[in-house]
Structures are given as structure tokens and as C-alpha cells.
Novice: 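First the structure, which I've put down as C-alpha cells, then a few questions once you've had a look.
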Amino acid sequence: MPLTLHNTLIKRKQPFTPIAPGRVTMYCCGVTVYDDCHLGHARSYLGWDVLRRYLRWRGYGVHYVQNFTDIDDKILNRAKAEGTTMVAVSERYIQRYFEDMHHLNVMDADEYPRVTEHIGAIHELIGQLAAKGYAYAAGGDVYYQVEQFANYGQLSGRSLATMQAGASGRDLAATAKANPADFALWKAAKPDEPAWDSPWGPGRPGWHIECSAMIRARLGATIDIHGGGGDLVFPHHENEIAQSQAANGKPLANYWLHNGMVTVNGEKMSKSLGNFTTIRDLLDGAWVGYPQPVDPMAVRLFVLQGHYRKPLDFTQDAIAASINSWQTLKAGLLFGDRHGVALAWPAANIQSPLQAPGPDDPWVERFQAAMDDDLNTPGALAVLFELAKGLQREGNRLVHEGKPQSSPDRLLEQWQTLMHLAQVLGFEVPDDSDTDAVSGDLDDAAIAGLIQQRQIARQQRDFATADEIRDQLAAVGIAVVDQPDGAVRWHRQ
RNA sequence: GGCGACAUAGCCAAGUGGUAAGGCAGAGGUCUGCAAAACCUCCAUUCGGCGGUUCGAAUCCGCCUGUCGCCUCCA
């Protein structure tokens with residue numbers, strides 16, 4: 001069964017076939033770096049991260065490019081407000097973007113082109129558009145003439161006629177545009193703002209031209225996949241298509257993918273509505289809805305438990321549920337580290353679990369069927385949870401009863417499968433997360449001594465003393481398990 | 001107003017013609033001196049509403065209701 005992806009261009013799912021067999025070129029619109037990323041950004045980049053990981057797992061070589069928009073009114077405003085420079089602001093938020101994404105285990109793109117590095121490519125593109133009659137200069141600005149582009153509106157499913165009918169509220173007189181739907185390719189310089197020389201006078205690029213120029217410069221005229229938030233379909237992606245296809249005479253992208261919005265109380269999370277929660281606030285415990293640090297993997301789970309094209313409502317309950325769910329998945333992922341030795345697994349398997357299961361493994365088949373269907377991560381996660389739950393249960397049996405039900409070999413197989421598939425979705429447990437036990441100064445002998453004392457107390461029916469010892473052990477992270485046959489087991493929590 | 005999505009249990013969520021995955025939460029039970037932990041079991045005769053097609057529909061068609069997104073910066 002082939003991988004199918006929903007293509008906004010045709011508004012339905014379509015089998016994925018790259019231009020060059022085995023290789024995928026992919027571009028996703030990055031952030032404008034004037035502030036910290038919020039959950040809406042996290043959702044988008046987590047989604048593209050999974051797409052990319054999945055393509056790689058499916059055997060494709062993926063070349064992934066994601067831009068930084070480092071010149072923009074908002075960056076300039078921020079710089080002005082802080083009394084600093086545009087470069088200082090954009091550099092800061094680029095750094096913070098990486099910090100946030102690394103916490104969420106989003107893989108780095110292969111390239112991160114910036115607008116300010118592509119002014120020459122932008123000039124070249126605008127020049128070509130002007131030469132072909134798609135662009136005109138007016139008062140130091142250069143505009144794209146949408147009427148010249150026959151397919152304008154194809155991606156977003158709208159026509160110029162209906163757009164003009166709807167654009168009644170705006171002040172059209174104040175612009176030099178020939179048609180209200182025309183958009184700026186180049187904006188004339190304003191006083192005190194960074195500007196670059198150009199054949200049309202000093203100024204800076206318009207909003208959409210950057211992506212067209214950078215895609216062509218880094219990936220070529222036509223790419224396989226172009227991704228972005230659903231709110232970018234119009235006008236941003238529509239305009240990218242108009243620019244690139246007019247200049248190159250070739251399709252810009254064969255597959256257009258768009259993720260759904262993150263909502264808060266049913267409303268889109270956005271800067272302008274002020275209802276956003278930044279990634280770092282959530283991770284740092286600074287979100288009022290859940291005033292404790294949230295494990296980044298729980299955030300990843302929160303995002304991937306919903307399908308990428310549907311709206312994702314951000315609520316306290318949903319985050320809390322994801323935090324709990326992550327505990328289950330985590331227990332499954334840690335199974336080998338916790339119990340591999342007790343099960344006498346070969347040390348090499350415990351240390352390098354990522355050996356690929358066979359393609360006919362039923363777990364893998366189910367996982368792949370879900371993911372092949374337009375990246376159905378909720379369906380794929382069901383497979384991971386069944387594996388994780390089973391392992392968690394067997395781990396508990398081992399701790400509480402001394403042995404599991406399944407054979408060590410079978411458990412090893414399941415653990416390897418879980419580790420393998422989890423990594424395709426980007427779920428990982430940091431190495432040090434299971435070693436922070438707080439068992440204080442007590443060594444095993446001391447613990448055994450205390451448990452012996454408690455047993456004596458219990459036999460004498462001195463339950464006050466027995467409970468006191470149990471509490472004492474619990475305080476340093478030792479759980480005592482009384483067993484039906486009278487024996488006592490203990491373990492570090 | 002135009003264009004486009006979505007509506008499944010307390011919450012999140014899959015399922016696109018064959019009789020409701022998975023997770024969280026919850027309930028009961030076993031065990032125990034009591035706990036805790038663990039284990040076992042249960043938890044949508046029903047998929048926003050009303051019609052239609054079909055042997056059969058959450059799944060297809062029509063209408064209605066509700067919610068959201070885009071049309072302005074936006075992941």
C-alpha cells in the first residue's frame with residue numbers, strides 16, 4: 001500500500017510519488033522571528049517533523065528546507081521598542097526557536113535559509129516577473145499583477161471576481177496598486193528602516209517573494225512537498241504559486257500540505273487574539289492552566305494524538321490527559337532499561353534496542369497502514385500504546401510477582417518494536433530520566449534490615465511500628481510490597 | 001456575504017458500506033492487619049438532528065442545526 005497524502009491543490013488524498021525515485025524535496029514555511037513560538041508553531045513543526053521522519057523510515061532520502069523570515073514589520077517594531085537592531089531581535093528568536101524545538105525533539109532541517117541572505121535571488125526573481133509582464137513598479141514599490149496569472153486562486157479555491165466582491169471594507173484609495181488583489185514584491189524604503197538597493201530603488205522584500213526565491217535557490221523550480229499552516233493557504237501560498245510558476249513556467253510544488261490550527265476555547269490561538277501559550281511557558285510550568293513543568297514528550301503526545309489537519313483544542317483537561325498518557329508510553333519505552341537485566345537479555349540488545357523488526361510484524365503493519373493513510377498519528381499511537389501497556393503490565397508483574405507471563409524473548413521483541421516505532425514518531429526518553437531515584441543514603445543492606453524489622457513488628461502485630469518503617473522507606477522512594485505468601489518485595493520508585 | 005472544514009462516550013480520539021480502535025478519567029473485584037502498588041473485570045445497541053439510497057450506513061446522498069478557519073499579519 002502506498003503512502004497517501006492530502007493535497008490541498010486537489011483537496012483530497014493522493015498517492016505520494018516523488019519527482020526523483022527515492023528522494024524527496026520538502027519546504028515548510030518557517031517562523032517570523034520577532035517573538036517566542038507558541039503551541040500553534042509547535043503543532044506545525046511537530047507535524048512536519050513526523051512527516052519527515054516517516055518518509056525517512058519509508059526509505060526516502062529527504063532534503064528538508066525551512067526558512068527564517070528575518071525581515072518584517074513586527075521585527076522592526078520590536079527592535080524599535082527595545083532600542084536595538086533588527087538583527088539582534090531576529091538572532092535572539094532564532095536561538096530560542098532552536099531551544100524550543102530541540103526540547104520537543106524536532107529534528108533540525110537540512111537548511112535554514114534567511115531572507116536577508118537572499119536579497120540577490122529576490123531581485124532576480126522580481127526582475128524576471130517584471131520582464132514577463134507580471135510585475136509593475138509604482139512609487140518605489142513593485143507589485144505583482146494577479147490578473148496576469150491565469151490560475152490565480154486555484155490553491156485556495158477562490159476567484160478574483162469573488163475576492164473583489166468581498167473586499168469592500170478596505171481602504172483601497174491609499175495604495176498604489178492597480179488592482180486591490182495585487183500584492184507587493186518590493187516595498188520602498190521608509191526612513192530609519194533597513195533597506196537594500198535595488199533596480200527599483202532602495203527598499204525591502206514583500207512578504208511572499210522570499211519563499212519563492214529561497215525555494216528556487218535551495219531546491220529548484222519544482223519541489224515535492226510544500227507544507228505550512230492552514231492559515232497560509234491564502235494569500236501566502238497562493239502568491240508563492242503565482243510568483244514561482246509565472247517566473248519558472250513549472251509547478252512550484254506537487255503536494256501542498258496544511259496543518260489545522262490550535263484553538264483555545266474553540267478559537268484560533270494567535271498573537272493578535274492574545275490567547276497564546278508559548279512552548280517555553282508550558283514546559284517551564286508558567287502556564288496558568290497547568291502550573292507545573294510539563295514534559296516535552298507529553299506536549300508531543302498532545303499534538304500527535306490528533307490528526308494534523310484537524311483543529312486541536314488546547315485545554316487543561318487535554319494536557320493533563322496527555323501528561324498521564326505519556327507515563328504509560330514512557331513505562332513501555334523504559335522497560336528494557338528497567339527490566340532487561342532481570343530478564344537476562346543480552347547486554348547488546350539493552351543498549352541498542354533500535355534493531356528494526358521484520359516488515360511482516362503485525363504491529364509494524366498496523367502502524368504503517370495508519371501512517372500511510374495521510375499520517376494518521378492517532379491510529380499509529382494506538383499501536384504504540386498497546387505495546388507499551390503490555391510491557392508496563394509485564395514489568396509490574398516482574399516487580400510484584402517475581403516473573404512476567406510472557407517469555408523474555410517475546411518481551412525483548414515487543415520492546416524493540418516499540419522503541420523502533422516510537423522513534424519514527426519522535427518519542428524518546430532522555431537517558432538520565434530513570435536514574436534520579438531519591439533513595440537517599442540507604443543502601444540495599446540497610447533497606448533489607450529495615451524490612452526485616454518491619455516483618456518482625458508485623459508478626460508481633462505491632463502495626464504502628466510496621467507502618468512507621470514503611471513510611472520511612474516511602475519517604476526515600478522505596479516501595480514495599482507485601483505478598484500473599486507472607487514474603488516482602490521492595491523496589492525503588 | 002464568498003470559499004472551505006468539522007460535529008463519535010465525562011475528556012482526547014481512530015474508524016469513510018458489514019455491525020464502534022486506542023489513551024485519560026471513572027466504577028467494581030482480587031490481594032492486604034490496614035494501606036499503597038499491582039493484577040482482573042466493567043465503562044457508546046450507538047456515532048449533532050431529520051429524511052433518502054442499500055440486504056446492511058458513524059461511514060454514501062439531501063436538507064437542517066451548531067462550531068471553527070480563510071477572505072487583513074498569522075504555523
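Below, chains carry the letters A, B, ... as their sequence lines are ordered, and counting in each starts from 1.
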Novice: Across all strands, who's sitting opposite B:C73 as a Watson-Crick or G-U wobble pair, both distances under 3.5 Å?
Specialist: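 When the pairing criteria are applied, nothing turns out to pair with B:C73, so the answer is none.
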Novice: Looking at A:R53 and A:D49, is there a salt bridge between them, counting it only when a charged N and a carboxylate O are closer than 4.0 Å?
Specialist: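 Result for this pair is yes, salt bridge flagged.
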Novice: Ring centroid separation for A:Y45 and A:W48, is it under 6.0 angstrom?
Specialist: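 No, too far apart.
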Novice: Considering every strand and a 4.0 Å limit on heavy-atom distances, what is the contact class for A:V480: base, sugar-phosphate, or nothing?
Specialist: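 Result for A:V480 = base.
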Novice: Once you apply a heavy-atom cut-off of 4.0 Å, does A:N259 come out as touching a base, just sugar-phosphate, or nothing?
Specialist: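 Base contact - A:N259 has a heavy atom under 4.0 Å of at least one base atom.
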Novice: With both distances under 3.5 Å as the test, what is the Watson-Crick or G-U wobble partner of B:A21?
Specialist: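 Pairing partner, where one exists within any strand: none, as none qualifies.
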Novice: Once you apply a heavy-atom cut-off of 4.0 Å, does A:Q305 come out as touching a base, just sugar-phosphate, or nothing?
Specialist: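 It contacts base atoms.
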Novice: Using purine N1 to pyrimidine N3 plus N6-O4 or O6-N4 for Watson-Crick, or N1-O2 and O6-N3 for G-U wobble, each under 3.5 Å, what pairs with B:U16?
Specialist: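 Base partner found: none.
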Novice: Tell me what A:K11 touches on the nucleic acid: a base, only sugar-phosphate, or nothing, going by heavy atoms under 4.0 Å.
Specialist: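 No contact at all - A:K11 keeps every heavy atom at 4.0 Å or more from the nucleic acid.
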Novice: Mind checking A:N265 for me? I need base, sugar-phosphate or nothing, with any heavy atom below 4.0 Å counting as a touch.
Specialist: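 If one applies the 4.0 Å heavy-atom cut-off, A:N265 turns out to touch nothing in the nucleic acid.
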Novice: Answer yes or no: side-chain N or O of A:D482 and base N or O of B:A35 forming a donor-acceptor pair under 3.5 Å.
Specialist: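 By the distance-only test, yes, there is a pair.
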Novice: If we take the C1' atom in both B:C11 and B:C43, what is their distance in whole Å?
Specialist: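 Result for the C1' pair: 14 Å, nearest Å.
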Novice: Can you tell me how far P in B:C12 sits from the matching atom in B:G29, rounded to whole Å?
Specialist: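 Taking atom P in both B:C12 and B:G29, they lie 30 Å apart.
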Novice: How many whole angstroms separate atom NZ of A:K310 from atom P of B:A75?
Specialist: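 A:K310 atom NZ is separated from B:A75 atom P by 24 Å.
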Novice: Please name the nucleotide paired to B:U30 by Watson-Crick or G-U wobble geometry with both distances under 3.5 Å, or report none.
Specialist: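 Answer to the pairing question: B:A38, which forms a Watson-Crick or G-U pair with B:U30.
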Novice: Distance between the P atoms of B:G18 and B:C31, in whole angstroms?
Specialist: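 These two P atoms come out 44 Å apart once rounded.
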Novice: What's A:G153 touching, base or sugar-phosphate or nothing? Going by heavy atoms closer than 4.0 Å.
Specialist: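 Result for A:G153 = nothing.
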Novice: Going by purine N1 to pyrimidine N3 plus the second Watson-Crick contact, or the G-U wobble pair, all under 3.5 Å, which nucleotide sits opposite B:U46?
Specialist: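 Partner of B:U46: none.
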Novice: Using atom P of each nucleotide, how far apart are B:A21 and B:A44 to the nearest Å?
Specialist: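 Roughly 10 Å separates the two P atoms.
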Novice: Figure out the CG/P separation between A:D73 and B:C73, and round it to whole Å.
Specialist: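 From A:D73 CG to B:C73 P: 10 Å.
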Novice: Identify which one of A:D313, A:N275, A:T315 satisfies the side chain to side chain donor-acceptor pair (under 3.5 Å) criterion when paired with A:T263.
Specialist: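 Going through the options one by one, the only one that passes is A:D313.
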Novice: Regarding A:R12, tell me which of base, sugar-phosphate or nothing describes its non-hydrogen contacts under 4.0 Å with the strands shown.
Specialist: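 Nothing, no nucleic acid heavy atom in range.
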Novice: Categorize A:H307 for me: base, sugar-phosphate, or nothing, with a 4.0 angstrom heavy-atom threshold over every strand shown.
Specialist: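 Sugar-phosphate contact only.
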Novice: Would A:R158 pass as a cation-pi partner of A:F234, given that its NZ or CZ must be under 6.0 Å from the six-membered ring centre and within 45 degrees of the axis?
Specialist: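 Cation-pi check for A:R158 and A:F234: passes.
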Novice: Indicate whether OP1 or OP2 belonging to B:C31 is found under 4.0 Å from a side-chain N or O atom of A:R489.
Specialist: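 For B:C31, OP1/OP2 do not have a side-chain N/O of A:R489 under 4.0 Å.
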Novice: Give none if B:G4 has no partner; otherwise give the nucleotide forming a Watson-Crick or G-U wobble pair with it, both distances under 3.5 Å.
Specialist: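 B:C68 - that is the nucleotide pairing with B:G4, both distances being under 3.5 Å.
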Novice: Using the side-chain heavy atoms of A:R470, tell me which of these nucleotides is nearest: B:A38, B:A35, B:A75.
Specialist: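 Of the candidates, B:A35 comes closest.
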Novice: Considering only side-chain heavy atoms of A:T32, which listed nucleotide, B:C40, B:C12, B:A75, is closest?
Specialist: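 Selected nucleotide: B:A75.
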Novice: Could you work out the separation of B:U8 and B:U45 based on their P atoms and round it to a whole Å?
Specialist: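 Taking atom P in both B:U8 and B:U45, they lie 15 Å apart.
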Novice: Just checking A:N396: base, sugar-phosphate only, or nothing, at a heavy-atom cut-off of under 4.0 Å?
Specialist: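 Sugar-phosphate: the residue A:N396, judged by heavy atoms under 4.0 Å, touches backbone atoms but no base.
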Novice: When we call it a touch if two heavy atoms are under 4.0 Å apart, what does A:G40 touch: a base, just sugar-phosphate, or nothing?
Specialist: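 Here A:G40 touches the bases of the nucleic acid.
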Novice: Of all the nucleotides listed (B:C12, B:A38, B:C70), which has the minimum atom distance to the side chain of A:A318?
Specialist: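 Side chain of A:A318 sits closest to B:C12.
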Novice: With the criterion set at under 5.5 Å between ring centres and under 30 degrees between planes, would B:G33 be stacked on A:F463?
Specialist: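 The ring of A:F463 is stacked on B:G33.
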Novice: I'd like to check the side chain to side chain donor-acceptor pair (under 3.5 Å) partners of A:N239; sequence neighbours left out, ordered by chain and number.
Specialist: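 Residues passing side chain to side chain donor-acceptor pair (under 3.5 Å) with A:N239: A:Y152, A:H208.
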Novice: Taking only the side-chain heavy atoms of A:F385 (C-beta and beyond), determine which of B:A21, B:G23, B:G69 contains the nearest atom.
Specialist: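 In terms of side-chain proximity for A:F385, the closest of B:A21, B:G23, B:G69 is B:G23.
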Novice: Quantified in whole Å, what is the C1' atom distance between nucleotide B:G69 and nucleotide B:C55?
Specialist: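 These two C1' atoms come out 41 Å apart once rounded.
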Novice: Check step by step if salt bridge (charged side-chain N to carboxylate O under 4.0 Å, His left out) holds for A:D373 and A:K13.
Specialist: CA-CA 8 Å; A:D373 183 13; A:K13 292 178 199 171; 2.8 Å; yes
Novice: Using a strict cut-off of less than 4.0 Å between a Lys/Arg side-chain nitrogen and an Asp/Glu carboxylate oxygen, indicate whether A:E428 and A:R300 qualify as a salt bridge.
Specialist: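 No, A:E428 and A:R300 are not salt-bridged.
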Novice: A:Y308 OH to B:A5 P: how many Å, rounded?
Specialist: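 Rounding to the nearest Å, OH of A:Y308 and P of B:A5 are 14 Å apart.
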Novice: So A:R458, base contact, sugar-phosphate only, or nothing? Heavy-atom distance under 4.0 Å.
Specialist: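 Base contact - A:R458 has a heavy atom under 4.0 Å of at least one base atom.
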Novice: For a quick check of understanding: with a heavy-atom distance under 4.0 Å over all strands, which category does A:F302 fall into, base, sugar-phosphate or nothing?
Specialist: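 Contact class for A:F302: none.
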Novice: Would you measure the distance from the P atom in B:G22 across to the matching atom in B:U41 and give it in whole Å?
Specialist: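 It works out to 13 Å between them.
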Novice: Tell me whether the side-chain N or O atoms of A:D467 pair up with the base of B:G33 as donor and acceptor below 3.5 Å, since no angle test is needed here.
Specialist: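 Indeed, a donor on one side and an acceptor on the other fall under 3.5 Å apart.
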Novice: Between A:E394 and A:Q405, is there a donor-acceptor pair closer than 3.5 Å when you use the side chain of the first and the backbone of the second?
Specialist: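 Yes; at least one donor-acceptor contact below 3.5 Å.
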Novice: Could you tell me whether A:T328 contacts a base, only the sugar-phosphate backbone, or nothing, with contacts defined as non-hydrogen atoms closer than 4.0 Å?
Specialist: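 Counting heavy atoms under 4.0 Å across all strands, the contact made by A:T328 is with sugar-phosphate only.
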Novice: Using the P atom in both, what is the distance from B:U59 to B:U19, to the nearest Å?
Specialist: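 After rounding to an integer number of Å, I get 15 Å for this pair.
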Novice: Could you check whether A:H491 and A:H400 have their ring centres less than 6.0 Å apart?
Specialist: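 Under 6.0 Å, so yes.
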Novice: Return the nucleotide paired to B:U59: Watson-Crick means purine N1 to pyrimidine N3 with N6-O4 or O6-N4, wobble means G-U with N1-O2 and O6-N3, both under 3.5 Å.
Specialist: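 By the stated definition (distances under 3.5 Å), nothing pairs with B:U59.
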Novice: Does A:C29 or A:R158 map to a spot on RNA chain B nearer the 5' end, using the closest nucleotide for each?
Specialist: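 Looking at RNA chain B, the more 5' nearest nucleotide goes with A:R158.
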Novice: When all nucleic acid strands are considered with a 4.0 Å heavy-atom cut-off, which category describes A:V262: base, sugar-phosphate, or nothing?
Specialist: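 Result for A:V262 = base.
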